[in-house]
Amino acid sequence: MCARRVALVTGSNKGIGLAVVRALCKQFDGDVFLTARDVGRGQAAVEGLKGEGLSPLFHQLDITDPASVRTARDFFKAQYGGVDVLINNAGIAFKVADTTPFGTQAEVTLRTNFFATRDMCNEFLPIIKPEGRLVNVSSVMGSIALGRCSPDLQARFRSDDITEEELVGLMERFVKDAKEGAHLQRGWPDTAYGVSKTGLTTLTRIHARKLTAERSGDAILCNACCPGWVRTDMAGPNATKSPDEGAVTPVYLALLPPGAKEPHGQYVSEKKVQPW
């Protein structure tokens, strides 16, 4: 088993994920794994970074495929004894102009952005090493969506006693309501991407509470963040930040120094804790 520290970034063959890998290669003292669903695209991204004089490693990982997630977990447990830094960056969004029915958009978007990321956390949280850092790349759209939910829904997403089971039930309910064309009447906003990120930030808060309760001595920090509006395939060419600028806050949270007690269980933007 390798004694080196190791960082893993999901969905990192392009966009913000690739920029996070680039920054970690320069700043993280250990091995940095670029991961992608598609081996060819992932290895091409690795070669691109090697051309910049960096040394990332590659592992196939499709967060929507439970077998792929377990294979990656077993690899990192066997090779490194776990993971020091996990950045859950993989995510999808439909374009505004997309004519796919909203119920389908809700199901597909939440499948990756919430449910698959949750599965990833549940497989990898047990192997996060002491002093480890878990960063979930969320979005300001999750905060905006939260503000557009009914008061009852807002109260649950903000509560300090919501359980993971309750949150999963709410996310499943959103998909069901969207498919029935009744999401607006039932207190939900008209954004599947936003609700997926409301769920992800809430999940981060739940997992941070769980880490504090069950592994308080391990000093693991778990946070969600918004990278900002970044020029990627997802956000388009008019966004205000470069991918490297978008990587700043996720990397800041990934590299919080040993002994740091905070932020933990927070939603962070521009390196500052934001209200939830």
Side-chain angles (χ1 to χ4, degrees), residues 9-20 35-38 40-42 44-45 62-65 87-118 120 136-150 153-154 157 170-203 224-247 249-250 267 269-270 274:
V9 187
T10 70
S12 52
N13 59 288
K14 63 179 182 176
I16 295 166
L18 180 61
V20 167
T35 69
R37 288 180 296 185
D38 183 277
R41 284 201 292 265
D62 177 355
I63 69 164
T64 65
D65 175 1
I87 300 185
N88 283 312
N89 165 77
I92 62 160
F94 284 83
K95 301 296 183 191
V96 174
D98 198 302
T99 55
T100 304
F102 186 76
T104 305
Q105 291 196 26
E107 184 173 40
V108 171
T109 304
L110 267 72
R111 182 185 302 148
T112 293
N113 294 4
F114 179 77
F115 291 104
T117 305
R118 172 184 175 245
M120 184 75 196
N136 290 326
V137 179
S138 190
S139 170
V140 68
M141 294 305 299
S143 304
I144 293 168
L146 174 65
R148 293 177 183 166
C149 286
S150 69
L153 284 170
Q154 288 190 41
F157 287 127
L170 287 171
M171 293 290 106
E172 289 171 341
R173 195 171 99 199
F174 169 69
V175 172
K176 178 173 174 287
D177 290 346
K179 286 181 146 179
E180 292 172 5
H183 58 287
L184 294 175
Q185 300 94 291
R186 293 173 186 168
W188 298 102
D190 212 15
T191 163
Y193 181 79
V195 170
S196 76
K197 296 300 193 175
T198 303
L200 181 57
T201 300
T202 305
L203 182 71
C225 66
C226 177
W229 192 31
V230 181
R231 290 186 294 277
T232 60
D233 289 350
M234 184 187 287
N238 298 323
T240 47
K241 284 187 177 183
S242 70
D244 289 325
E245 289 167 332
T249 293
Y267 167 66
S269 180
E270 306 298 337
Q274 305 296 317

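Position 1 is the first residue of the sequence, and the numbers go up from there.
Considering only residues two or more places apart in sequence or on other chains, E245 meets the salt bridge (charged side-chain N to carboxylate O under 4.0 Å, His left out) condition with none of them. Shown here are the side-chain contact (heavy atoms from CB on, under 4.5 Å) partners of T202, two or more places apart in sequence or in another chain: F157, I162, L167, T198, I206, W276. Remark: S269 pairs with no residue by the side-chain hydrogen bond (donor to acceptor under 3.5 Å, both in side chains) rule, at least two apart or across chains. Applying the salt bridge (charged side-chain N to carboxylate O under 4.0 Å, His left out) test to R148 and every residue at least two apart in sequence or in another chain returns nothing. For F174, the ring pair (Phe, Tyr, Trp, His ring centres under 6.0 Å) partners are W188, not counting sequence neighbours. Remark: D244 pairs with R22 by the salt bridge (charged side-chain N to carboxylate O under 4.0 Å, His left out) rule, at least two apart or across chains. Applying the side-chain hydrogen bond (donor to acceptor under 3.5 Å, both in side chains) criterion to R118, with sequence neighbours excluded, gives E164. In this structure T201 satisfies the side-chain hydrogen bond (donor to acceptor under 3.5 Å, both in side chains) test together with S138, sequence neighbours excluded. For T104, the side-chain contact (heavy atoms from CB on, under 4.5 Å) criterion is met by T100, P101, V108, not counting sequence neighbours. For F102, the ring pair (Phe, Tyr, Trp, His ring centres under 6.0 Å) test picks out H183, with sequence neighbours left out. Applying the side-chain hydrogen bond (donor to acceptor under 3.5 Å, both in side chains) test to E180 and every residue at least two apart in sequence or in another chain returns K176, R186.
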Check your understanding: Given L203 and M171, is the side-chain contact (heavy atoms from CB on, under 4.5 Å) satisfied, shown in steps?
Key -> CA-CA 11 Å; L203 182 71; M171 293 290 106; over 6 Å; no

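In this structure, CD on Q105 lies 12.0 Å from CD on E107, to the nearest 0.5 angstrom. The SG atom of C226 sits 7.5 Å away from atom CD of E270, with the distance rounded to the nearest 0.5 Å. The distance from atom CD1 of I87 to atom SG of C225, rounded to the nearest 0.5 Å, is 8.0 Å. Atom-to-atom distance recorded for T99:OG1 and F94:CZ is 10.0 Å, nearest 0.5 angstrom. In this structure, T117 OG1 and I63 CD1 are separated by 4.0 Å, a value rounded to the nearest 0.5 Å. Considering CD1 of I16 and NZ of K241, their distance stands at 8.5 Å, rounded to 0.5 Å.
A donor-acceptor pair is defined here as one N or O able to donate and one able to accept, closer than 3.5 Å; such a pair exists between the side chain of Y267 and the backbone of V140. Side-chain N or O atoms of N89 include none that pairs as donor or acceptor with a backbone N or O of V137 at under 3.5 Å. Side-chain N or O atoms of Q154 include one that pairs as donor or acceptor with a backbone N or O of C149 at under 3.5 Å.
Taking the side chain as every heavy atom from C-beta outward, T249 and P227 never approach each other to under 4.5 Å. The shortest side-chain heavy-atom distance between E172 and V175 does not fall under the 4.5 Å cut-off.
G40 approaches D38 most closely through the heavy-atom pair N-OD1, 3.0 Å. Closest approach of N113 and G91 over heavy atoms only: OD1-CA, 3.2 Å. When all heavy atoms are compared, the tightest approach of T10 to T35 is CA-OG1, 3.3 Å. V195 and P189 get closest at one heavy-atom pair: CG2-CG, 3.7 Å. Shown here for G15 and P243, the closest heavy-atom pair between the two residues is O-CB, 3.8 Å. Here the closest non-hydrogen pair linking A36 and G42 is CB-CA, 3.9 Å.
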